[in-house]
Amino acid sequence: DLCPSVKNILLLDSEGKRVAVKYYTDDWPTNSAKLAFEKSVFTKTQKTNARTEAEITMFENNIVIYKFVQDLHFFVTGGEDENELILSTVLQGFFDAVTLLLRNNVDKREALENLDLILLCLDEIVDGGMILETDASVIAGKVATNILDAGAPLSEQTISQALATAREHLTRSLLK
């Protein structure tokens, strides 16, 4: 309970639709509850000017830190008793890591084309709500290393890496 935690990290497009989201609590037990939360938080924040630096708001007894760039909206949600500075650091780490991984070309199209990198990025930042890393260069470095380790034995790969490797082998065998 003493360790700061994150309830969710959302990456939405300029219409409030999902690009990449991760939920770490059961506060929103169903997919429809999650979608309703995303729509509500997007509607509440879309009129603000969170383009130069992150903004903060209280929403449904949660602290929401958010920032917009191009046609993407980044959100980090924590409980009402969480430290806003820590949540802001998580948001900034996520934002900066995505910027590094997408080579400063942060927009919806590029994000969707590199969704695997963004999801790996989320996994490096938070695990089960616990904050693991907020340094963007460390996060991007770990994600890049994971992508480069596709030749590693399956036992040492993450599930997503193993699936990507299996998909690649299957594709090659079907094309022969």
Side-chain angles (χ1 to χ4, degrees), residues 1-14 18-25 27 38 41-42 45 48-59 62-152 156-165:
D1 265 0
L2 298 175
C3 198
S5 65
V6 172
K7 289 187 173 190
N8 64 44
I9 298 178
L10 311 173
L11 180 57
L12 306 177
D13 68 10
S14 59
R18 284 182 174 179
V19 175
V21 299
K22 282 272 185 152
Y23 284 83
Y24 305 104
T25 66
D27 290 12
E38 293 162 23
V41 77
F42 175 80
T45 60
T48 61
N49 187 19
R51 295 200 180 275
T52 52
E53 58 186 59
E55 298 280 333
I56 181 172
T57 189
M58 283 296 290
F59 185 73
N62 295 300
I63 296 172
V64 179
I65 311 279
Y66 57 98
K67 183 173 184 164
F68 308 149
V69 64
Q70 305 277 22
D71 54 356
L72 291 175
H73 296 224
F74 294 75
F75 299 90
V76 172
T77 306
E80 63 186 332
D81 52 353
E82 290 298 336
N83 184 319
E84 297 90 355
L85 293 175
I86 292 174
L87 295 175
S88 179
T89 304
V90 171
L91 176 74
Q92 195 62 48
F94 177 45
F95 176 80
D96 291 344
V98 168
T99 302
L100 284 170
L101 291 167
L102 300 183
R103 296 179 186 90
N104 288 327
N105 193 11
V106 183
D107 62 23
K108 181 182 175 183
R109 186 185 59 76
E110 196 70 25
L112 289 172
E113 286 177 6
N114 293 285
L115 192 56
D116 56 337
L117 299 179
I118 291 173
L119 293 173
L120 283 171
C121 189
L122 290 172
D123 290 342
E124 293 295 338
I125 297 169
V126 176
D127 183 28
M130 301 263 309
I131 301 164
L132 301 175
E133 183 63 66
T134 58
D135 184 328
S137 57
V138 172
I139 296 163
K142 286 181 179 180
V143 168
T145 303
N146 284 341
I147 297 300
L148 296 176
D149 280 350
E156 296 175 16
Q157 293 184 11
T158 64
I159 292 173
S160 60
Q161 287 173 306
L163 287 172
T165 304

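At least one side-chain heavy atom of V98 sits less than 4.5 Å from a side-chain heavy atom of I118. A 4.5 Å side-chain heavy-atom check between E38 and V21 finds at least one atom pair inside the cut-off. By the 4.5 Å heavy-atom criterion applied to side chains, V19 and L112 are counted as neighbours. Within the 4.5 Å cutoff, no side-chain heavy atoms of K108 are placed close to those of S14. Residues Y24 and L122 meet the side-chain proximity criterion, which asks for heavy atoms closer than 4.5 Å. Between D27 and K7, the closest side-chain pair of non-hydrogen atoms falls below 4.5 Å. In this structure, the side chains of Y66 and V41 stay at 4.5 Å or more apart for every pair of heavy atoms. Looking at T48 and F68, their side chains come closer than 4.5 Å, going by heavy atoms from C-beta outward.
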(message) Using the rule given for side chain to side chain contact (heavy atoms under 4.5 Å, CB included), can you reason through M58 versus E80, listing the C-alpha separation, both sets of side-chain angles and the distance that settles it, and then say yes or no?
(response) CA-CA 8 Å; M58 283 296 290; E80 63 186 332; 3.7 Å; yes

(request) Just do the side chain to side chain contact (heavy atoms under 4.5 Å, CB included) check on Y23 and L10 with the steps written out, would you? (result) CA-CA 8 Å; Y23 284 83; L10 311 173; 3.7 Å; yes

(message) side chain to side chain contact (heavy atoms under 4.5 Å, CB included), that's the test. Do D71 and D13 meet it? Break it down for me.
(response) CA-CA 6 Å; D71 54 356; D13 68 10; 5.7 Å; no

Atom pairs and distances, side-chain donor-acceptor, residues 87-97, under 3.5 Å, sequence neighbours left out:
residue, atom, partner, partner atom, Å
T89, OG1, L85, O, 2.7
Q92, NE2, D96, OD1, 2.9
Q92, NE2, D96, OD2, 3.3

